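Worksheet: the structure to be examined is printed underneath.
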Amino acid sequence: MATHTVFNQPPPFEGVNLFTADRALGEALRREGAAWAEDRARAFGEIAGRPETIAWGFQANEHPPRLRTHDRAGHRIDEVEFHPAWHELMRLGVEHGLHALPWRDPRPGAHVARAALFRLLAEVEAGVGCPLSMTYSALPALRHQPGLAAEWEPRITSLAYDPRLVPSGEKTGALCGMAMTEKQGGSDVRANTTVARPLGAEGEYELTGHKWFCSAPMCDAFLVLAQAPGGLSCFLLPRFTPDGERNRIHLQRLKDKLGNRSNASSEIELHAAWARLVGEEGRGVPTILEMVNHTRLDCVIGSAASLRTGTTRAIHHAAHRSAFGRLLADQPLMRNVLADLAIESEAATVAMMRLARAYDTEADAPFRRLATAVLKYWICKRAPVHAAEALECLGGNGYVEEWGMARLYREAPLNSIWEGSGNVQCLDVLRALQKSPESLAALFAEIEEARGADARLDAAVDALKHDLGAPGDLETQARRFVERLALTLQGSLLVRHAPASVADAFCASRLGGDGGRAFGTLPAGTDFGGILERALTV
């Protein structure tokens, strides 16, 4: 049609190396001990930014998984079918070791390198992060049972993606999921009612009960909690029994979720399903926490990816869209919004990478104990509001599925719920303060590394220490304290490692009170140009 001339529409954000475009991520990779992985991250960033890779993310969400409970003859099969795009993304993640890198190559900086790679793939599609994360996180728990670890470690650390539903011993690689939550329990897993009955052979049990959320039910095995004679215990539940028969794990339905739609989440029933004990009877929670701590790290990484995705898409749009006679990126108020989004993203990135380094050495265990819960709470809480603001930068296009921001917006709340909601994280912080006071000392020692570099940061730290030591109802105020711990940690990292433009704007708006309650309220005099130029290098 003669009237249908398309102009002033930004091109797709693709053909961009997602690693080299992000200076903060590259600097943190080197600083936190994984400079050896820079070439690897650069190569993966190029793959992640390819048009076909980005298209896979869209396709996997447009064609979500389907449950097939029975075959045409009425035999129970309990299979989940995925679109080919899902398998391509999973193959990409497995072949690059996102599920196993620190266990395959446990050199210093291995968790840092994996964090960077995991974040790059999460910028493309978050749904595949669930099975990759759980497989990565399962091994520390399995090592509580050396025999099980010896059998399963070669399978779950393999770089071969093998989606076939066949006994794990016949596969070139395996994935591990998790099923803890029950209808009546939620985060209170001690209320679980699934029963584990010992069999004749040592360590073998039959599980009977239900699970309200089974993450990634197409996996080859699952870590589950059930009530054994000695109390709540952890078990490895494989899809096949030792004789090669399908285990009695019945998929009841797939959840119809707000977001994360490319990934399957299910309800399952266990009918005398064969399982093996992991750890000791009655020690299920401490055993499974080995897995949960690592998946909480991945929640932080996933939310940092959300912040980065929203930031880059908003800046890209503004750099190519004109309104009222000039580019959006040149308009003062939009520059304030974009710079504020970029600061939030960089603060999450530096904190995420510092936390990943804490998983590389036991010397960092006290810091890791507290910082995981603190950052899991705060960075995951920032993702939904950040996604909403980034979406708004695209105007009406942001509200349309084809532009990707609607998917980002639906995805953003998940990591705050998965592996313990915000309140659960805050209560975990209070437990750490009570039972592991050395963890608070380690966190403050990290924060104090920036002492004297910014008066606003120093004042915020001093006030926080005072208030934590004052009498009062700490549980009622737990969210405030955890937020302040996160902000002072982020402020310290930025003051030490980021350009002055970023650190000054963060301290002014987040710690000094010179900022509003919405993005785009940075103070006058902020170096908007310096912040935006740093945020996206293409």
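Along the sequence shown, residues carry numbers from 1. Since the model is a prediction, treat every value here as computed from it, not as a measurement.
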Of all heavy-atom pairs linking Ala304 and Met352, the shortest is CB-SD, 3.7 Å

Is the closest basic N to carboxylate O distance between Arg407 and Glu401 below 4.0 Å?
no

Which of Asn247, Val166, Ile249 passes side chain to side chain contact (heavy atoms under 4.5 Å, CB included) with Arg239? Answer is Ile249

What one should report as the nearest heavy-atom pair of Asp428 and Arg369 is OD1-NH2, 3.0 Å

Can a side-chain donor-acceptor contact be found between Asp243 and Thr241 if the only test is distance below 3.5 angstrom? yes

Salt bridge check: are Glu125 and Arg261 linked by an N-O gap of less than 4.0 Å? no

Is Glu27 paired with Arg534 through a side-chain N to carboxylate O contact shorter than 4.0 Å? yes

Are Glu81 and Arg68 close enough for a salt bridge, meaning some N to O gap below 4.0 Å?
yes

Hits for ring pair (Phe, Tyr, Trp, His ring centres under 6.0 Å) against Phe13, two or more places apart or cross-chain, chain-then-number order -> His316

* Centre of Phe235's six-membered ring, under 6.0 Å away, within 45 degrees of the axis: is that where NZ or CZ of Arg276 sits? -> no

With distance as the sole criterion, is a donor-acceptor pair present between the side chains of Arg23 and Thr537 under 3.5 Å?
yes

query = Does the side chain of His386 come under 3.5 Å of the side chain of Tyr409 through a donor N or O and an acceptor N or O?
reply = no

| request: Would you please say whether a donor-acceptor pair under 3.5 Å links the side chains of Arg104 and Thr157? | output: no

- Task: Answer yes or no: is there an ion pair linking Arg164 with Asp162, defined by an N-O contact shorter than 4.0 Å?
- Result: yes

What I want to check is whether the side chains of Lys257 and Ser265 have a donor and an acceptor closer together than 3.5 Å. yes

Should Glu419 and Lys376 count as an ion pair when the cut-off is N to O under 4.0 Å?
no

Quick one: do the Glu281 and Tyr205 side chains pair a donor with an acceptor below 3.5 Å?
-> yes

Quick one: do the Thr349 and Arg119 side chains pair a donor with an acceptor below 3.5 Å? yes

* With no hydrogens and no angle check, is any side-chain donor or acceptor of Lys211 less than 3.5 Å from a backbone partner on Val224? -> no

In short, Glu280 meets Ser233 closest at the heavy-atom pair O-OG, 4.2 Å

Interatomic distance, CZ@Phe213 vs OG@Ser266, rounded to 0.5 Å, equals 10.0 Å

| message | Looking at Glu46 and Arg42, is there a salt bridge between them, counting it only when a charged N and a carboxylate O are closer than 4.0 Å? | response | no

**Prompt:** Just checking, any donor-acceptor pair under 3.5 angstrom between side chains of Thr372 and Tyr359?
**Reply:** yes

Ion pair Arg50/Glu14, N-O distance below 4.0 Å: no

For Phe222, the ring pair (Phe, Tyr, Trp, His ring centres under 6.0 Å) test, sequence neighbours excluded, returns none

